[in-house]
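So the structure is just underneath, and the comments pick up after that.
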Amino acid sequence: MCLTAFLFNLLNKKTEFSKEGLKIVQVARLDHLGKGQHIAIQALSLLIGKGIKNISLNFIGEDPSLEYLKKITAELSLNQYVNFLGNKSQQYIFEHLCDYDLSLALSSYEAFGLTVAEAMAAKVPVLASDIPAFREVLDNGQLGNLFKIGDAEYLSNKIAGFIEKCPDRQMIEAAYERVKSLYSVETTARRYLEEYKKI
């Protein structure tokens with residue numbers, strides 16, 4: 001919780017959404033079996049097939065699945081839509097997460113939804129796999145969209161629905177307030193003081 005509290009106060013906040021197309025990001029190690037990047041690529045292919053082409057999918061992270069993901073991207077003729085940005089510093093993520101319009105968290109398991117909390121703190125909408133860690137941070141899906149793990153078609157439909165609707169500013173602000181109340185430095189410090197008083 002300390003690390004999350006620290007990050008919360010350093011993340012730039014999104015102030016406006018792109019009118020030139022949807023910029024999607026996933027921040028995770030490129031381990032497609034655990035993090036689901038191949039599902040995102042398959043979903044993107046389905047969206048392109050439906051004529052939704054004003055879109056980009058950006059991966060921040062490195063091995064071990066980089067070559068495999070590049071291979072399926074090429075096989076699906078998606079090179080112009082998919083960007084492998086490599087590892088980026090925490091400072092880069094603090095500054096640039098807010099540049100994206102939608103953050104994906106597609107893990108099959110996580111102990112804690114750190115990347116989800118970071119996106120919420122940056123006021124970036126979240127689409128996450130329906131696992132306990134993400135449900136907890138997203139208040140059981142009230143503050144972000146959840147999708148069935150491993151289902152590319154379901155994911156593509158969720159993204160298409162996001163494109164069709166205007167960003168839900170009320171939900172974005174509620175998500176921001178949730179992570180602020182749960183993970184800000186001030187909240188964390190107050191909780192520690194309360195625990196110390198019990199000793």
Side-chain angles (χ1 to χ4, degrees), residues 12-63 65-88 92-93 95-108 115-116 118-120 122-130 134 138 141 143-172 175:
N12 287 345
K13 311 299 185 275
K14 189 170 190 63
T15 57
E16 60 183 29
F17 285 83
S18 173
K19 297 179 180 178
E20 300 177 355
L22 184 70
K23 294 177 64 177
I24 303 173
V25 67
Q26 183 177 2
V27 182
R29 188 166 65 100
L30 298 184
D31 173 10
H32 70 283
L33 294 178
K35 303 296 185 180
Q37 287 94 352
H38 63 307
I39 302 299
I41 293 169
Q42 292 166 11
L44 177 63
S45 180
L46 293 172
L47 289 166
I48 300 299
K50 295 174 183 176
I52 300 173
K53 298 184 177 181
N54 201 7
I55 187 171
S56 67
L57 177 59
N58 305 273
F59 294 113
I60 296 177
E62 280 287 352
D63 289 332
S65 295
L66 178 60
E67 293 308 314
Y68 170 75
L69 295 170
K70 284 185 173 180
K71 180 174 179 287
I72 63 171
T73 296
E75 288 174 349
L76 293 170
S77 302
L78 296 176
N79 285 335
Q80 70 186 93
Y81 302 101
V82 179
N83 302 301
F84 295 96
L85 304 179
N87 278 333
K88 296 294 183 182
Y92 177 92
I93 294 172
E95 294 177 358
H96 295 286
L97 185 58
C98 64
D99 295 339
Y100 298 95
D101 304 304
L102 179 65
S103 176
L104 300 183
L106 309 180
S107 302
S108 56
T115 57
V116 171
E118 288 176 349
M120 294 163 71
K123 297 191 176 183
V124 176
V126 175
L127 206 169
S129 51
D130 191 359
F134 295 160
L138 290 169
L143 300 176
N145 289 295
L146 297 170
F147 89 104
K148 299 174 185 177
I149 297 173
D151 192 331
E153 184 172 0
Y154 192 87
L155 177 59
S156 72
N157 289 335
K158 284 282 189 178
I159 296 173
F162 180 85
I163 293 171
E164 290 173 4
K165 300 175 183 177
C166 294
D168 188 337
R169 298 282 187 177
Q170 186 173 355
M171 185 173 72
I172 292 167

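We number each residue from 1, following the sequence as shown. Note that this is a predicted model, so its numbers are computed, not measured.
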Asp130 side chain vs Leu146 backbone, donor-acceptor pair below 3.5 Å: no

Validation row: Leu22, Asn54 side chains within 4.5 angstrom (heavy atoms): no

Residues Ser56 and Asn58: side-chain donor-acceptor under 3.5 angstrom: yes

Stacked cation flag Lys158 on Phe147, 6.0 angstrom / 45 deg: no

Option passing side-chain contact (heavy atoms from CB on, under 4.5 Å) with Leu155 (candidates Leu47, Ile39, Leu46, Asn145): Ile39

His38 and His32 aromatic ring geometry - parallel, tilted or perpendicular at 30°/60° bounds: perpendicular

Side-chain (Ser65) to main-chain (Leu30) donor-acceptor, under 3.5 angstrom: yes

Donor-acceptor contact present, side-chain Asp151 to main-chain Glu153, <3.5 Å: yes

Donor-acceptor contact below 3.5 Å, side chain Gln26 vs main chain Lys35: yes

Check: Ser107 main-chain N/O paired with Ser129 side-chain donor or acceptor under 3.5 Å: yes

Flag side-chain contact, heavy atom, 4.5 Å: Ile172 against Pro167: yes

Counterpart residues, side chain to side chain donor-acceptor pair (under 3.5 Å), relative to Asn157 (two or more places apart): Lys50

Cationic N near anionic O, under 4.0 Å, Glu67 to Lys71: no

Candidate list Val25, Asn12, Val27, test side-chain contact (heavy atoms from CB on, under 4.5 Å), partner Ile93, passing option: Val27

Lys14 bridged to Asp99 by N-O distance under 4.0 Å: no

Asp168 side chain to Gln170 backbone, donor-acceptor under 3.5 Å: yes

